[in-house]
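Throughout, protein chains are lettered first and strands after them, A, B, ... in sequence-line order, and every chain is numbered starting at 1. For clarity, every value in this text was computed on a predicted model and none was experimentally measured.
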Amino acid sequence: MISKNLTAATTKPLILGILKQGKSYGYLIISKIKEMSGGKMKWSDGMLYPVLHRLEKEGLIRSEWIMSDGSRPRKYYEITEMGKQELIVEREQWVQISSILSQIWDTDLPINTI
Amino acid sequence: MFDLEKSIKKWLKTFSKYRAFSHGSIREMELHLRDHIEDLTAKGLNEKDAFNKAVTEFGQINSMAKEEFSNQIPKSTIISILNTAMIRNYFKIATRNFWKNKFYATVNIMGLTIGLSIVFLISLFVTDELSFDQFHAKQAQLYRVVENQYYDGQPVFPVAVTPTALAPSLKAEYPEIENTTRLFFDNAIFESGESKIVEKSGILADKSIFEMLTLPLVDGSIEAFKENLNAVIIDEELAAKYFPESSPISKTISLDDEEYVVIGVMQNVPNNSHLDIRYIRNFEKYLAQDPDRANSWGSNWLYTYVELTPDTDLNSINEKIIGQIKANNEGSVTDIYLQPMSDIYLGSVDFVVEVSQKGEMIYVRIFTVVALFILLISCINFMNMSTAQSAKRAKEVGLRKTVGGTRKQLVFQFLTESVLLSFIAVIFSAAIVAVVLPYFNQLANKQFELSLLINPVAGVSWGIGIIAIALLTGLIAGSYPAIFLSSLSPVSSLKPDVVTGKQGSGLRKVLVVLQFVISVVLIIGTVVIYKQLQFIQNTDLGYNKENIIYLNVPQDQSELFANELRVKTGIMGVGRGSNHPAYIMSSTSGIGWPGKNPEETILIHITGVDENYMSTMEMKMIDGRQFEHADSAVVIINEKAREIMGLDNPIGQVIERGEKYTIVGVVGDFNFKSVHVPIEPLMIFKTTELRRVFIRYNAANSNQIVASIGEVWSNLVPDREFDYYFLEDDFKNLYEAEQRTSQLSAYFAGLAIFISCLGLFGLVSYATEQRTKEVGIRKVLGASINDLFMLLTGDFTRLVIISLFISIPIGWYLMDKWLEGFAYHIELSIWVFVFSGAVALAIALITVSYQSIRASIDNPVHALRSE
C-alpha cells in the first residue's frame, strides 16, 4: 500500500500524464489510475476533483462540457501547452529522485547481504 | 425499498452545504457517481450496494470541500468577476454588437462624444474660475477690506476701495490683524533705450505684501524695498523684455522719467489671480510725493488687504472694525467689513470700484448645470437606443439565462458594453477638445493649454479624471439598459411585447420629453440673451458712441492737441473730459443747493468736461445751454439730479461745492455706468484740467483719420507711444461677459438640440425599421403616404409638443430671473417662446420626417419581401 503523502505528491504528474495521452473525464481518469496501480494507491475518488479544478485554475489543463448523443454529458479535461511543459519538469524531478534512490539502494544492497 | 434517485439526491444535498462547490462541480460529481454505480451494477452488484460502495470510495466530503475551497479563496476577489476569459468574451460580444448595429453605435458614440467634449471644456473653465487666488499659501487668512456706504434715499453703495489711513490704524488697534498692505494700481512709462512703453498692471504696495501674498522671487531680494523708495520689483516677463541679455538685478530703468533700480524679479503671477501684477513699486514712494495723504480718512481710493492670525473668527473681527472709518472721520456714512480673498473673484457683491479681473459665479453655475444637462441628454440617447433595441438582445438574454448565465453576469456584460462605448467617446472627445481648445479659449477668454493635460502632475489627475468620467458616464448610461435587459426572463424573450421593443417605451417617452425640455429651455435662454444683448447695444445711451476715437494726452498739452485736430478734415468735433463717458465713478455727498435738507446725505456723481465735449458726444440738452468758452464756475446737471434736487426751474440756481457754481443747463440722462445699474444723479463741471480727448470723425475717412491724429501726436508728444481707442470697442468690452455667455449658450443650445435630435433620429429609425412590414401591408391595403407619415411620426411629434409646453414656463421663470440683473431690459414676449418652440419643433420634424418619408414612399414589395 502506498502512503497517503506519497499518493498526494504524485497526483499532479499522474493526472497530467494521463491527460497527455488524450482528453478524458473525471471518472475515467480515476478508473485508469486504479487500474494501473492495481489498487495499491489508496485514493478517495472525490479528492480528484479539487485537484482537477486547481490544475485548471493554474492553466495546466482546460475543460469543456461535451454533450454527446446517447450518453451522459461529461466534463472533459485536456492538457494545455503549459501543462505539457509542467509535465516535462515533473518528469525530470521524478527521474532524478528515482536515480538518487536507486544509487543509494544499489550501494546499500551488498552491505546488507554481507 | 431502496430508491436510487432519492439516495443520489440526498447525497448531492450534502455537497450544497459547502459553499466551495459550484453548481458545475456538483453536477460533475453526480455524473461520476452515476458512472461508477453503472459500472458496479454491470459487475453484478445490486443498486443499493453499488450506491454504498461508490459513495464510500468517493470519500469524505468535508476534506474535499476544504481542498476545493482552497482553490477558490482568491476567486472571491474582483478577479473572479473580471475573469479574463469572461472579459474577453464581453468585449467580443460588445464589439460584435457595435459592428452589427453600426448605425446605432455611431449615433450613441457621436452623442456621447459631443456631450463629453462639452463636459471637458466646461470643467476646464469651471475649475479655472474656482481656482482663482488659491495659489496664495495664506489664502485662508487673507481678506480685503470693503465698504458699505449709506446715503439717504439711495440703496447701499458698496465700494471696494478704502482710505489711506485705514490699513495702519487697523494693524495698530487689532491684535487679530497680523499684517496689512495698501495696494493701488499703477501704470508707468518704462523707458529702455529708444522705446517708451506704457506698462499696465503695476501696483504700488507696502512691503508687507510679500509676507502676505505668495509672490516668490526668482532673483534678487526684497530687502532694499523699504529703504530705497526708488526700488522696483518686476516679473519674469518684464525682465525678459527690458533685460533680455543679463540679470536685471541692481540695474536701473526709467519709470515715468525717474530712475528706478530693479531689486528683484518675481515669478509671473498666475493667470488665475484677481490681481494682475507685473511690477511692484513701494507705496511709501507715493506717500513721499503727497505726505498729506498718509493720514487721509476722507477719500476712498486704494485697496486694503489684511492677514488675520490663524483661527480668528471672521464675524467677531467684523463686529469690532465695522465703525473704524466713522470713528476717525466725522460725518462718515461708511461701514467696513472683511471680504475673504477667496470671495473676491467670484463674489456676488457688485462693488462700485472693483479690480478688472472679476468673474461671475452665476455663469460658473449656469455652465456647470448646462454641462451636466448636455451629458444627461447624451446619456438618455444611450438608454433609449439600448432599451428600444431590447428586442434584438432579448433572444441573447434568453439564451444566456437558459444555459446558466446569472443576472449579475448579464448586468456586467451590458455595463461592459456601455463603459466600452463611453471610453471610445472619451477618446474622440479628447481629440475634439484638443482641436477646439484655441477657439474655446477665445470664447471663454482663457489661456488653457494642451500641455496642461500632459503635465506630469496635472496630467495624471486629468487622466484619472477622464477615466473616472468615462466610467461614470458608462455606468449611468448603461445602468438602466443593463437592469432592464437582464430582467427579461427567458420565456418572455419570445413574447411579442418584448420582441417589438414596446416594453419600457413609457419611460423612453418620458426621457425624450426630458431631452427636449432641456433643449428648448436652452434655446429660449439663447434667444433671450441674444435679444437682451441687442437691446443693450442698441439702447439709447443718451449720446452717440459711434465714430469716436479717444486718447490720453498729457494734461498740459491736451488743449493744444484738441485745437490742432479740430482743423483737420474728416474730424467733426473734439472735446475733452476727465472721465470715460461710461465710467464715471467719482462721487461726493458734499454738494449743497437751495432747498436741500441739511440732515440728508445725498451722493452725487461728478465729472469735468470742456465746452466742446457735450456737442462732440452729441448729448441732448433738456433745458438751458451747453458750456461756452468764456464760462467759469458753471455746472450742468442731469435729469436725475434735477429730480433728486427737487428744482422745478434749475437754470440760474447756484449750488455749492466748496465754491459756488451756477447751473446753466440740464442734460438728458445718459448711462455713465454699465446698464446693469440705473442712472444716478450727475453734475458736470466745466474744468480745464483734462487728459482725455474725444474725437468725433467722419466714418467715410476713418482710415486717414488715425494717420492724421498720429501726426499731431508725434509733433506734440514725440516721446510717448501713440495709443488710441475706439469708444465702441469699450462697449463691446463692457458687455463682454454677456457677449461671451450669449455665444457660448448659442453653441450649447445648438449642440443640445443636435444631440437630442440624434437620439430622436435613432428612435424613429428603429421604430420605422420595426414597422416596415406593417407599413408595407397598410400600403398594399390602400393607405396613403400621408397616412403612413402621420402614423410613423405622430408619436414623436406629440412628445416634442408636450415638451414645448413644459419648457416654456421653466424658460420663462429662469430668464425672468436673469433679466432682473439688468436695470434696463427687454420684456419677455410670447414671441420669444413661440420662436424657440417653432425652431425646436421644426428641427425635430425634419429629423423625424427623413426616415418616415423614406419608409412611406418605399415600394411595399421591398418591405414584404424582406423575410
Side-chain angles (χ1 to χ4, degrees), chain A residues 1 4-5 7-12 14-15 18-19 23-35 37-78 80 82, chain B residues 5 8 11-12 14-15 17-40 42-43 50-77 79-80 83-86 88 402-404:
Chain A
M1 188 61 67
K4 215 174 170 181
N5 281 342
T7 307
T10 54
T11 323
K12 191 166 155 188
L14 271 175
I15 293 175
I18 288 168
L19 288 180
K23 59 180 170 183
S24 185
Y25 57 96
Y27 181 67
L28 215 59
I29 297 172
I30 205 114
S31 306
K32 218 168 209 168
I33 297 175
K34 280 179 184 168
E35 190 190 51
S37 73
K40 276 180 201 142
M41 281 180 91
K42 183 75 184 143
W43 259 32
S44 46
D45 300 357
M47 285 308 275
L48 174 73
Y49 290 99
V51 180
L52 281 172
H53 298 159
R54 194 183 73 226
L55 293 179
E56 182 176 12
K57 212 180 129 226
E58 287 169 1
L60 303 178
I61 59 176
R62 60 170 159 259
S63 69
E64 69 183 318
W65 280 94
I66 289 183
M67 329 260 174
S68 54
D69 296 334
S71 79
R72 298 199 173 91
R74 301 194 200 283
K75 194 175 182 186
Y76 274 88
Y77 293 89
E78 191 180 357
T80 61
M82 212 164 111
Chain B
E5 285 307 309
I8 292 181
W11 180 71
L12 286 175
T14 54
F15 282 100
K17 273 201 297 197
Y18 300 96
R19 290 190 47 204
F21 301 108
S22 70
H23 181 79
S25 56
I26 293 178
R27 177 92 176 123
E28 193 181 9
M29 289 184 278
E30 180 194 343
L31 293 165
H32 173 104
L33 199 76
R34 286 179 187 278
D35 280 344
H36 201 174
I37 293 171
E38 211 175 84
D39 277 356
L40 290 171
K43 282 179 190 161
F51 174 79
N52 285 338
K53 191 168 164 42
V55 167
T56 315
E57 283 189 21
F58 201 85
Q60 293 286 322
I61 293 174
N62 59 355
S63 57
M64 278 175 58
K66 228 180 268 166
E67 188 75 30
E68 182 83 343
F69 195 61
S70 70
N71 279 343
Q72 290 174 351
I73 287 169
K75 258 191 147 185
S76 59
T77 63
I79 307 294
S80 64
N83 188 313
T84 47
M86 205 63 151
R88 216 183 307 141
T402 311
V403 298

Euclidean distance, [Y] [atom2] relative to [X] [atom1], rounded to 0.5 Å:
X       : Y       : atom1 : atom2 : result
B:Leu31 : A:Tyr25 : CG    : OH    : 9.5 Å
A:Ser31 : B:Asp35 : OG    : CG    : 8.0 Å
B:His36 : A:Asp45 : NE2   : CG    : 5.5 Å
B:His32 : A:Tyr49 : NE2   : OH    : 5.0 Å
B:Glu28 : A:Tyr77 : CD    : OH    : 3.0 Å

Measuring heavy-atom distances to chain A, does B:Glu30 have an atom under 4.5 Å in its side chain, in its backbone, in both, or in neither?
->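 For B:Glu30, no heavy atom lies under 4.5 Å from chain A.
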Quick one: which of B:Thr56, B:Asp39, B:Ile61 has the most heavy-atom pairs under 4.5 Å with chain A, could you say?
->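 If we count pairs closer than 4.5 Å to chain A, B:Asp39 comes out on top.
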Cut-off 4.5 Å, heavy atoms of chain B, and the answer for A:Ile30 is side chain
